[in-house]
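Data first, discussion second: the structure below is written as structure tokens.
These numbers come from the heavy atoms of this one structure, side chains and all, not from hydrogens, waters or symmetry mates. All of these numbers come straight from a predicted model, not from anything done at the bench.
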Amino acid sequence: MVYDVVVIGAGAAGLMCAAQAGYAGRRVLIIDHANKAGKKILMSGGGRCNFTNLGTTPQHFYSENPYFCISALKRYRPEHFVELVDRHGVEYVEKAPGQLFCATSAKEIVRVLWTECEWAGVEVKLNTQITKVVRQGEGMRLSTSIGVIDAGVVVVASGGLSIPTMGATGFGYELARQFGLEVLPTRAGLVPFTLSDFWKDRSAKLSGVSLPVAVSCAGRRFVEPMLFTHRGLSGPSMLQISSVWQPGSPIEIDLLANENAADSLREARKITPKRQLSTWLGERFPKRFAQALLEWYPDSNQLKPLAQYSNDELDQWAGRLNQWQLKPAGTEGWRTAEVTMGGVNTDAISSKTFEVKDLPQLRFIGEVLDVTGELGGYNFQWAWASGVACGQAC
């Protein structure tokens with residue numbers, strides 16, 4: 001079997017790339033070891049797929065080379081993908097500013113990509129294993145479970161290590177190393193934290209409670225909701241900060257992100273001196289969490305009115321509320337991570353065509369590269385942008 005382009009991986013980037021190459025007149029084959037295309041698309045966004053973010057900029061991505069993503073993101077912008085889904089009649093909603101989700105199901109995005117590939121004449125082979133990829137003159141040769149395939153160009157869109165139950169493997173990294181490329185250390189990103197000892201017990205008792213917070217670590221700050229779980233902390237704020245957190249480091253949580261607790265407590269003591277601290281907390285937090293705070297710090301006499309609190313006591317409470325220091329035990333790891341931090345070093349990759357600089361018949365796109373977006377649709381936009389740039393250049 002001979003093809004102009006063979007794309008390894010039937011995920012977001014791979015399907016997008018294949019359609020573009022097909023429309024450019026190339027004979028294209030997609031190979032995937034899974035039994036279904038777009039598995040991660042289907043489960044993303046709670047099954048509704050946050051397929052882009054209208055506010056996407058290069059600043060929303062992590063990479064050893066922060067300039068690498070600029071070219072592709074400029075050429076294929078969020079409005080281009082919105083145009084595509086509009087043409088296919090997909091209904092969508094803006095859940096948070098800029099974050100677009102399918103109104104019904106993520107299946108709609110897979111349908112769009114699948115239809116585009118069909119229209120572009122792309123062939124797809126699922127349940128197919130690749131045992132070897134070698135350079136063959138000016139092209140590449142793949143040994144697979146369906147036979148030997150020769151390709152002018154091989155595009156690796158095999159994704160990262162996140163959510164192995166969806167079929168994630170390290171195939172792309174192994175292939176990169178085989179051809180002498182550096183793979184930067186990988187770790188789970190956009191992933192919930194686990195807690196240990198008494199903090200785990202405390203979190204478990206609050207499981208299901210969500211509240212808005214600001215979380216800080218390693219110079220980054222995110223203002224998003226936090227969710228208590230049986231194992232620790234989750235919710236958008238924790239997923240965001242997990243991408244910069246390093247094991248052993250503390251995180252700082254501001255439970256009153258838009259309020260100076262010290263000033264507010266002093267003001268409350270002045271205006272409503274008979275009010276109790278429990279009442280003040282109950283006005284700001286879910287009932288279960290307000291009660292938990294008082295149990296965590298039993299130095300407070302719940303029956304004591306604010307008038308009887310000294311400045312030092314109020315400052316101590318303000319510190320607990322605005323600067324809660326917590327050291328996670330770890331994260332839930334690849335099992336629930338939405339993305340992979342690190343990956344194929346982009347120094348060896350062209351930011352225009354995504355080809356390996358010394359081996360243009362081999363290309364890498366999407367999550368397998370050392371480009372990772374924040375939470376909120378950015379990683380899908382990277383998949384679309386890198387897929388389009390590569391597909392059009394094949």
Would you call E332-R335 a salt bridge at under 4.0 Å N-O? yes

Can you check whether F228 and F289 have ring centres sitting under 6.0 Å from each other? yes

When every non-hydrogen atom of S386 is compared with those of A383, the smallest separation belongs to OG-O, 3.4 Å

Pair E83 + R77, salt bridge at N-O below 4.0 Å: no

Mark yes when over 12 heavy atoms from residues, nucleotides or ligands other than Y67 sit less than 6.0 Å from its OH; otherwise mark no. no

Below 4.0 angstrom, N of the basic side chain to O of the carboxylate: do E295 and R202 qualify? no

Are F101 and F51 an aromatic pair, judged by ring center distance below 6.0 Å? no

For L190, is there any backbone N or O sitting under 3.5 Å from a side-chain donor or acceptor partner on S243? yes

Run the side-chain hydrogen bond (donor to acceptor under 3.5 Å, both in side chains) check on S350 and E355 step by step: do they pass? CA-CA 5 Å; S350 163; E355 66 189 39; 5.6 Å; no

Please report the interatomic distance CD1(I149) to CE(M140), rounded to the nearest 0.5 Å. 13.0 Å

Any side-chain heavy-atom pair of P225 and V213 under 4.5 Å: no

Please round to the nearest 0.5 Å and tell me the distance separating atom CD of E94 and atom CG of L100. 5.5 Å

Between the CG atom in L326 and the CZ atom in F193, the distance rounded to the nearest 0.5 Å is 9.0 Å

Value rounded to 0.5 Å, distance of CG in L255 from CG in L321: 6.0 Å

Is it true that a side-chain atom of N50 and a backbone atom of G377 form a donor plus acceptor pair closer than 3.5 Å? yes

Please assess V85 against I109 for the test side chain to side chain contact (heavy atoms under 4.5 Å, CB included), listing each intermediate value before the final yes or no. CA-CA 8 Å; V85 299; I109 298 301; 3.9 Å; yes

Determine, stepwise, if the pair T272 / W280 fulfils side chain to side chain contact (heavy atoms under 4.5 Å, CB included). CA-CA 10 Å; T272 54; W280 187 89; over 6 Å; no

Check: R187 and Q246 side chains under 4.5 Å, non-hydrogen atoms: yes

Roughly how far, to the nearest 0.5 Å, is the CG atom of L184 from the OG1 atom of T340? 13.0 Å

Please work out whether the ring planes of W324 and W199 are parallel, tilted or perpendicular, with thresholds of 30° and 60°. tilted

Ignoring hydrogens and angles, tell me if any N or O in the side chain of R27 forms a donor-acceptor pair with the backbone of V122 under 3.5 Å. no

Measure the shortest side-chain to side-chain distance between C390 and C394 over non-hydrogen atoms and say whether it is less than 4.5 angstrom. yes

Does V344 reach the side chain of Y173, with side-chain heavy atoms less than 4.5 Å apart? yes

Under 3.5 Å donor-acceptor, T131 side chain and S143 backbone: yes

Above 12 or not: heavy atoms from other molecules or residues under 6.0 Å from NZ of K357? yes

Within 6.0 Å of CD in E91, more than 12 heavy atoms from elsewhere: no

May I ask you to test the T331-T336 pair for a side-chain heavy-atom distance under 4.5 Å? no

S63 side chain to N65 backbone, donor-acceptor under 3.5 Å: yes

Report the C-alpha distance between W317 and Y309 in whole Å, list the side-chain angles of each, state the deciding distance to 0.1 Å, and finish with yes or no for ring-ring contact (aromatic ring centres under 6.0 Å, His included). CA-CA 10 Å; W317 266 100; Y309 279 83; 8.0 Å; no

Validation row: L142, V148 side chains within 4.5 angstrom (heavy atoms): no

Hey, are N260 and R266 close enough side-chain-wise for a donor-acceptor pair under 3.5 Å? no

Test item: Y62 and R220 side chains (from C-beta on) under 4.5 Å apart, heavy atoms: yes

Grab the two heavy atoms, one from C217 and one from P250, that are nearest each other, plus how far apart they are. SG-O, 3.8 Å

Salt-bridge contact E259-R284 (side-chain N to carboxylate O under 4.0 Å): yes

Please say whether more than 12 non-hydrogen atoms of neighbouring residues, nucleotides or ligands are located less than 6.0 Å from NZ in K95. yes

Donor-acceptor pair, distance only, cut-off 3.5 Å: does the side chain of N53 make one with the backbone of G376? yes

Full working for side-chain hydrogen bond (donor to acceptor under 3.5 Å, both in side chains) between N322 and D254: CA-CA 4 Å; N322 284 139; D254 185 346; 2.8 Å; yes

Would E252 and R221 pass as an ion pair if we require N to O under 4.0 Å? no

Ion pair present between E108 and R111, side-chain N to carboxylate O less than 4.0 angstrom? yes

Backbone N/O of T144 and side chain of Q129: donor-acceptor pair under 3.5 Å: no

Can you tell me if CD on E138 sees more than 12 non-hydrogen neighbours from other groups inside 6.0 Å? no

Would a distance-only check, ignoring hydrogens and angles, find a side-chain to backbone donor-acceptor pair under 3.5 Å from R26 to Y23? no

Is the ring centre of W384 less than 6.0 Å from the ring centre of F81? yes

Taking side chain as C-beta onward, heavy atoms only, is D358 less than 4.5 Å from F179? no

With the 4.5 Å side-chain cut-off for hydrophobic clustering, are L73 and V388 part of the same group? yes

Would you compute the distance between atom OH of Y92 and atom OG1 of T104 and round it to the nearest 0.5 angstrom? 13.5 Å

Answer yes if the ring centres of F354 and W382 are under 6.0 angstrom apart, and no otherwise. yes

Quick one: does S234's side chain have a donor or acceptor within less than 3.5 Å of a partner on L227's backbone? no

Within the supplied structure, the quantity of interest is the number of heavy atoms (other residues, nucleotides, ligands) at a distance under 6.0 Å from H80 NE2; does it exceed 12? yes

Looking at D263 and L265, would you say the former's side chain and the latter's main chain have a donor-acceptor pair under 3.5 Å? no

Verify side-chain hydrogen bond (donor to acceptor under 3.5 Å, both in side chains) between S162 and E367, making sure each step is shown before the conclusion. CA-CA 10 Å; S162 52; E367 189 183 353; 3.2 Å; yes

